[in-house]
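Quick caveat: nothing in here was measured; it's all calculated off a predicted structure.
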Amino acid sequence: MTTAGDIMHRGAQWIPMHETLDRAAQLMRQLDVGALPISDENDRLCGILTDRDIVVGCVAMGHDPAKVTAGDMARGTPRWIASDADVDAVLHEMQGHQIRRLPVIENKRLVGMISEADLATHLSEDQLAAWAESVYAKS
């Protein structure tokens, strides 16, 4: 059985909720990623911040990314998957919530992220086609 831990990208990093969006953008550039999980004061997942969130939710609104925090942008219930969950559970979670990135948690700590690129590398063409159709379908 292939698990989330088998297909995830290891080395994912949090952005603490008190960090500013300019710092988040710098970290995204440094890590060459487009999204960062947001952690609360107890190192628990409280959201995900994307590069699009920074541009559309902050800069385009006329706000200063040096004054807006990652926590200010955390909205909704963050989705995640356990590292020992099988690939079908990963697909179900991503399809069911139409999400493109999924944090992987082990012992209540972030251990990796699953992105579209990870799926493309590890799924069959049929699995990938079904995932893409459900995630990119109009709501």
Quick check on the hydrophobic clustering: are L123 and I114 connected, directly or via other members, by side-chain heavy-atom contacts under 4.5 Å?
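Shared cluster, yes.
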Quick one: [atom1] on [X] to [atom2] on [Y], what's the gap to the nearest 0.5 Å?
X: R101; Y: I48; atom1: CZ; atom2: CD1; value: 8.5 Å
X: R23; Y: H18; atom1: CZ; atom2: NE2; value: 10.0 Å
X: I81; Y: M94; atom1: CD1; atom2: CE; value: 9.5 Å
X: W14; Y: I38; atom1: CH2; atom2: CD1; value: 10.0 Å
X: I7; Y: L102; atom1: CD1; atom2: CG; value: 9.0 Å
X: M73; Y: D53; atom1: CE; atom2: CG; value: 5.0 Å

Sidechain-backbone polar pair: [X] side chain, [Y] backbone, donor-acceptor under 3.5 Å:
X: R52; Y: A35; answer: no
X: N42; Y: R44; answer: no
X: E19; Y: P16; answer: no
X: D64; Y: A66; answer: yes

If you draw a 6.0 Å radius around NE2 in H92, do more than 12 non-hydrogen atoms from other residues or ligands fall strictly inside?
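Result for NE2/H92: open.
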Do other residues, nucleotides or ligands put more than 12 heavy atoms under 6.0 Å from the CE atom of M61?
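No, the 6.0 Å shell around CE holds no more than 12 heavy atoms from other groups.
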Distance-only polar pair, side chains of D126 and S124, donor-acceptor under 3.5 Å:
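The answer is no; no qualifying pair exists.
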D118 and T121 side chains, donor-acceptor separation under 3.5 Å
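Side-chain D/A pair, T121 to D118: absent.
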